[in-house]
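Indexing begins at 1, ligand by ligand and atom by atom, following the structure's order. All heavy atoms count here, side chains included; hydrogens, waters and symmetry mates do not.
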Amino acid sequence: MKQFKTESKKLLDLMINSIYTNREIFLRELVSNASDAIDKLSFAALTDSSVSINQDDLAIRVAFDKDARTITVSDNGIGMSAEELEENLGTIAHSGSEAFKAEHSDAQGDAMDIIGQFGVGFYSSFMVAERVRVVSRAFGSDQAFAWESDGIEGYTVEPAAAGERDGEGDHGTDVILYLRASSEAEDTDKFLSEWGLRDLIKRYSNYVRHPIQMMVTKSEPVENPEDLPEDAPRYVEHQELETINSMTPIWKKRQSEVEQDDYDEFYKSTFHDWSAPARTISFHAEGSISYDALLFIPSEAPFDLYSKDYEKGLALYSSNVLIQEKCADLLPDYYNFVRGVVDSPDVTLNISRETLQQNRQLRAIAKRVERKIKSELQTMLVDDREAYEKFFENFGRGIKFGIYNSYGMNAGELADLLLFWSAKEEKYVTLREYALAMPEGLDKILYASGDSRERLAKLPAVTGAVKRGYDVLLCTADVDEFMIQAMRTYHMDAVAGDAENAGVDARDLELANVSTANLDLATDEEKQEAEKATKDNQGLFDAMAAKLQDKVSAVKVSANLTDAPACIATEGPISLEMERVMMQGPDADAAPRAQRVLELNASHPVFDKLVAAQEAGDEEKLALYASLLYDQALLVEGLPVDDPVEFAKNVCALM
Ligand code: ADP
Ligand code: MG
């Protein structure tokens, strides 16, 4: 027996026991090697006229024997001579495939799609096998050799036994794994079954470009069952050779060559969705790093999208072989709903192909993926508004969190993807549409936030603004106002080209809560009137503020109100809606409160009543009025009154 080299021994031990985290990938590695062997033979046939083979016969076979506890992976590819067996399998981290690629580097392309590169994949067999026998016969040779090892000490290479690859033209390789006994720590039995192997082939090797065949059991109903005795079986079973993998990696094709139906089918079966995707994005990159990407924007949100268990990520393949089912690094959190595949032969995966840290290439791909998603969404916004609105209802929350979580740093990237409900238009608008439709004299984007659109539309602050011709964005999602505070401003790009609004300059617009005290929306005339009322009635405001002392920080006249007698505005960064959201959170007691101001409409008849009560020195009445006005303003905002009993008493007193 020949010993593995000492460093090889250490490496082997490391490999088997720690590098691979996932035992089941052994099959992927053996199938990949078989596929490489077939590619090498095809390549030889292309370049050497003395090599003649029938391409259609080239295939990979997977078989198992439950009693002998063996799994055999066979190919009729190029095979290995005794020297090659020794060189390729006797030295760990020696990749015959890598050498082959280097030798034929000018001939890359369609002729082959060599997967191997590290020279360690084969040894993953020892994660499940206590012994591995490799019987191989090089193409053109009439003698097969057998390599055998327990994966610990060393290996033997001997001429193969009678019956092992000794038929006419029986070139290729059989890798026979003698599986370890199943134990509690390690279930190897599951690999000794048709469904177990089928599952692994489908999952990891579905797109390997050569057929992977397996004998499978099929059952069919018997003919004329009525002629049979009662207890006779109604089904007959037979064995049949089936190709398990689907082979065509749809992501390698150009979008123009693929029917949308085929994309839809691929999407539904791969990502387990009932509905077809809303958008399909396919692109291909060449250069220092080449890859094919196929992305989908789903049309429905998966039920667990906003739960902790949801895992974002794209499937990462290298030369058609699955490396990682969900590579999270390829997607930013705010596009976590995107599904798809990236396939690159160039990603320098660490030896295990599973630990993908420190990957510059991966980051480069992720960047491009992100740009593609954004531009697709922007196209959708223009092309198919209805679909976009549905998209935004499903996935907008993630985008909003993307802005909020980055403290607004992602706002530049994401703000143009946002939709808001317009109080004036009664439909969704983008910030850009809002900005372009802004009337002269307004320099802010106005919004109101609360829990229902209907209620917000009736708020005095909102109706007042709309009456003046200003639009107000009605925000009803919990995250909305927090996101807006993180953004602070919206940067609108200049309008170029001969678009309707051509010539509009780029500008930064502040986003302002329409219920903020001191918001300047009124006409000069209204403002003067309010100023006068303020000057004339300071005593009234002080008296009311004293009465409402623990509730509001001030009582003022607002020029902004049109129809309502009063409203509650806020000063400082916390709005009423933010207060409400935070009060529902886990830290309700510590949550900061909104600083309230009671704003009065000096041109409303109620204001005259207040002035009259003040002039008459009727303190009791003034207290009653102040309390009632404050409570009704709370109710209009959709907030509970502090003391319903007192409120009811006050109403009766008034009657
Ligand atoms: P890699 O595939 O990354 O090169 P492996 O450890 O999987 O590394 O395989 C080592 C080498 O053994 C391969 O490069 C190849 O030269 C040889 N080899 C493995 N399996 C086969 C096979 N079925 N047919 C021919 N050669 C093989
Ligand atoms: Mg390999």
State whether the shortest distance between N or O atoms of [X] and N or O atoms of ligand 1 falls below 3.5 angstrom.
{"X": "Phe122", "result": "yes"}
{"X": "Asn33", "result": "yes"}
{"X": "Glu98", "result": "no"}
{"X": "Asp36", "result": "no"}

Check this for me: does any side-chain nitrogen of one of [X] and [Y] sit under 4.0 Å from a carboxylate oxygen of the other?
{"X": "Glu300", "Y": "Lys390", "answer": "yes"}
{"X": "Asp383", "Y": "Arg279", "answer": "yes"}
{"X": "Lys218", "Y": "Glu240", "answer": "yes"}
{"X": "Asp333", "Y": "Lys312", "answer": "yes"}
{"X": "Asp142", "Y": "Arg137", "answer": "no"}

What atoms in ligand 1 come closer than 4.0 Å to a heavy atom of [X]?
{"X": "Lys40", "result": "15 (C), 16 (O)"}
{"X": "Thr173", "result": "22 (C), 23 (N), 24 (N)"}
{"X": "Leu89", "result": "12 (O)"}
{"X": "Gly96", "result": "11 (C), 13 (C), 14 (O), 16 (O)"}

Exercise for review: Check whether any heavy atom of Glu29 sits under 4.0 Å from an atom of ligand 1.
Suggested key: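 No; Glu29 lies far enough from ligand 1 that no heavy-atom distance drops under 4.0 Å.
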
Review point. Between the side chains of Thr270 and Arg339, is a donor N or O closer than 3.5 angstrom to an acceptor N or O?
Key: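 No, because no side-chain N or O of Thr270 sits under 3.5 Å from a partner of the opposite role on Arg339.
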
Check your understanding: Between Leu294 and Tyr263, is any pair of side-chain heavy atoms under 4.5 Å apart?
Key ->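 They are in side-chain contact.
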
**Study point:** Side chain proximity check, Tyr123 to Glu29, heavy atoms < 4.5 angstrom
**Key:** no

Check your understanding: Hey, is Met80 touching ligand 1 through its side chain, its backbone, both or neither, going by heavy atoms under 4.0 Å?
Key -> side chain

Point to revise | Side chain, backbone, both or neither: Asp75 near ligand 1, heavy atoms under 4.0 Å | key: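 Looking at Asp75 and ligand 1, just side chain atoms fall under 4.0 Å.
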
Review point. Got a sec: is Asn33 within less than 2.8 Å of the Mg ion (ligand 2) via an N/O/S atom?
Key: yes

